[in-house]
Amino acid sequence: MSDSAKVTDKLLPDLPPPANSTGFIGWMRMHLFSTPANALLTLFAAYLLYILMVPSINWALISADWIGDSRDACTSGGACWVFVYNRFDQFMYGFYPEVERWRIDITFVLLVVLAAWLMLPRMPKKGLVSFITLIIYPVVAFFLLYGGSFGLEVVETHKWGGMSLTLILAIVGIVAALPFGVLLALGRRSEMPIVKSICVVYIEFWRGVPLITVLFMASVMLPLFVPEEVDFDKLLRAMIGIVLFQSAYMAEVVRGGLQAIPKGQYEAAQALGLNYWKMMGLIVLPQALKLMIPGIVNTFIALFKDTSLVLIIGLFDILAIVQAGLSDPNWLGFSVEGYTFVALMFWVFCFGMSKYSQHLEKRFHTGHGAR
Amino acid sequence: MPSDANKSPSAHTTRFWHDPAKRAILFQSLLVIAVLGFVGMIVQNTLHNLESRGITTGFAFLSQEAGFGIVQSLIDYTESSSYGRTFFVGLLNTLLVSALGVVAATVIGFVMGIARLSNNWLIAKVASAYVEIFRNIPLLIQIFFWYFAVLRALPSPRQSLEPLDNIFINVRGLYMPEPIYGDGFGWVVVAFLLAVVAVIGIARWSKKRQDETGQRFPLFWTAAGLLIGLPLVVYWIMGSPMTWDNPVLKGFNFRGGMTIIPELAALWLALSIYTAAFIAEIVRSGIEAISSGQTEAASALGLSKSKVLRLVVVPQAVRVIIPPLTSQYLNLIKNSSLATAIGYPDLVSVFAGTTLNQTGQAIEVIFMTMLVYLTLSLLVSAFMNWFNTRMALVER
């Protein structure tokens, strides 16, 4: 009868989910206002962001002055980026003579090309390119930057400075520390007790002291360690300090990579009759190196940030040069702008590299397991 | 080679460099000779150089009069104190800023790390923005920023900010009332120590009772009541034996009270904010490392959300967190040496800076400074190793 009319053989269409659980409102309910406590937190954080961000953005972007020749151009009451705009070349190149600055440009363009070749997954001949980058490029870069031959004028290292010096210090530090790090890590895992203890003491010593004391040591003690005739310049001393220090950290990264190689690989290599160096060079290190790259990038980030310490021993890296600019009587009182600019430069580099290293970690994660 | 392989081992005379044991001895003796030779060369050069520059080696300079002032000192120090005393002044200042930094960085780091895992989208985003911003900017820039851009912009002593009564903030530092302990305050301390002993006793008893009967004892509130209440009661009985010495503006500056110099404030802020960004990451990954099966199992047992966190997740996460946390603490101690850039009188700034420049005893001074940091590093990692073994999972 009429009851049987309620029985239907057709499925009713699905009802839509409740309106308050979908769309923007639903998302807000779930992620911002799920409980009273959460709602309070959200409002508090939003208020905090509002009072922090609105004045900062207004100061840095909206009411800022960008272009001009002197501090008189800064009239809007916001940030005075004119200071940075005027000295940008000096912040990048230091006191490097203006006519010779193309040499720095070429050096870094070359580096970018080589690095991009190595970083892009599909490029061919990676082995050859890494050889060029690690062995040939540094020599070319030295002759380009320092000059003295091939008709290039000599540019003394005390004229080097700014962002280019920061990059030079970080890159030299990492590239030169790599071979020492590999040797130290192999030594630390060696079965020969004396080799092992020498490496452990070396690594733990440098890892236990702050970089600043190492730089002090390099600048005051190193000249005492060598015969009187040998004269190190300041930059070279800082570099030696950084490489000594960095190789200990590099050794720990390499050791991490070596430990991740399963024992079967070592045993298989020995079963094939390979000697120690062939086993390491042909079987273990190539596999370990792949695992080490994210770690190397991370130590590079740490070193890159630490290069700012050379300011204390009187080298003009980007931080030091900005600070020198801040004490120029014509530009007093722009310290917030100056430090914000340096911080932004470092941040862009470090953040970019850390994202790259995370990407590598994901790409290299070829084994089993979560993630 | 087949002919070689057919020979019996006894007939085959192996050259000694084919024998791993002998080769190891040879190799290691060569290494020792090389290292000793290198060190010997350095020592010889150094002695020669020192002689030709007329520097006498030795630690005699430590007892000479220093003759320079130090802004902040935890022990008695005057310009007529010895260079040896500058070492201790610097060391204590390093320890002070490191201890303050470790505490603050741990608190901020844990809050931020947990906030990153919050299911509140805004809070999680704010926390990750914090981590990404502060971890990618060199510490030295952050120190300079706080010191030169923020604290230097504070008003002069006459226009001091006064956020609370008798607390003044100006370009010379933060001035606070200093407690002066009168007669009988010793009893308050005694009461506090008694409370500590009592709390330990009660904790043992309540654990034993819980093991035996399963009954839980409200330990936290009892402990808090004892630790705060008992000293307060004694303080009141003894007739409030403590007065405050308030800072007063006299002439151009404040006199009396306690002062936090701007160098210390800037260094402390920068060190804690920078290190906290790393600690937040460690805490986040430590908590994420606990598999969701653990949380689900705990919820299935009917534990509340806070108990899941407190009884299941945190005890397991702590094990993952401790080793990297230790290295962050060590980094903080080492990074406190950046004090020298803004003139906070820490070990590097006072001893490896001023004292070294005045005496010229580079080798002794740098050696002592490095030794201090090495010792601190070894002590902290030894303590953390001990703590780690205590916390480690006891497996079958």
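Chain letters run A, B, ... following the sequence lines, proteins first, then strands; residues in each count from 1.
- Nearest approach of B:Ile366 to A:Val220, heavy atoms of both residues: CD1-CG2, 4.1 Å.
- Rounding to the nearest 0.5 angstrom, the gap separating the CG atom in B:Asn45 from the CG atom in A:Leu224 is 9.5 Å.
- When heavy atoms are compared at a cutoff of 4.5 Å, B:Val365 does not approach chain A at all.
- In this structure, the portion of B:Leu31 lying under 4.5 Å from any heavy atom of chain A is its side chain and not its backbone.
- Note: B:Phe144 and A:Tyr339 have tilted aromatic rings, judged against thresholds of 30 and 60 degrees for the angle between ring planes.
- Contact of B:Phe278 with chain A is made through the side chain alone, with heavy-atom distances under 4.5 Å.
- Between the side chain of A:Trp347 and the main chain of B:Glu132, a donor-acceptor pair closer than 3.5 Å is present.
- A:Ser308 and B:Leu140 make their closest contact through O-CD2, 3.2 Å (heavy atoms, listed as atom of the first residue, atom of the second, distance).
- Judged purely by atom type and a 3.5 angstrom limit, A:Asn38 has no side-chain atom pairing as donor or acceptor with the backbone of B:Asn120.
- Within the model, atoms OG1 of B:Thr369 and CZ of A:Phe216 stand 9.0 Å from one another, a figure rounded to the nearest 0.5 Å.
- If you measure heavy-atom distances from B:Phe367 to chain A, you find no contacts under 4.5 Å at all.
- For a residue to count as touching a neighbouring chain, one of its non-hydrogen atoms must lie under 4.5 Å from one of that chain's; by this rule B:Ser377 touches chain A with the side chain only.
- Heavy-atom distances place no part of B:Leu330 under 4.5 Å from chain A, backbone and side chain included.
- Per-residue counts of heavy-atom pairs under 4.5 Å with chain A were compared for B:Ile137, B:Leu374, B:Asn49; the largest is that of B:Asn49.
- Using a 4.5 Å cut-off between heavy atoms, A:Phe205 contacts chain B through both its backbone and its side chain.
- To the nearest 0.5 Å, the span separating OH on B:Tyr147 from OG on A:Ser335 amounts to 12.0 Å.
- Contacts between B:Val35 and chain A at a heavy-atom distance below 4.5 Å involve the side chain alone, from C-beta outward.
- For B:Ser336, no part lies under 4.5 angstrom from a heavy atom of chain A.
- For A:Ile312, the part sitting under 4.5 Å from any heavy atom of chain B is the side chain, from C-beta outward, and nothing else.
- Contacts between A:Leu311 and chain B at a heavy-atom distance below 4.5 Å involve the side chain alone, from C-beta outward.
- Remark: the backbone N or O of A:Ile212 is not paired with any side-chain donor or acceptor of B:Lys334 at under 3.5 angstrom.
- No other option in B:Leu338, B:Ile333, B:Val32 has as many heavy-atom pairs under 4.5 Å with chain A as B:Leu338.
- Residue B:Arg152 does not touch chain A at all, counting heavy-atom pairs closer than 4.5 Å.
- For B:Ser337, the parts sitting under 4.5 Å from any heavy atom of chain A are the backbone and the side chain alike.
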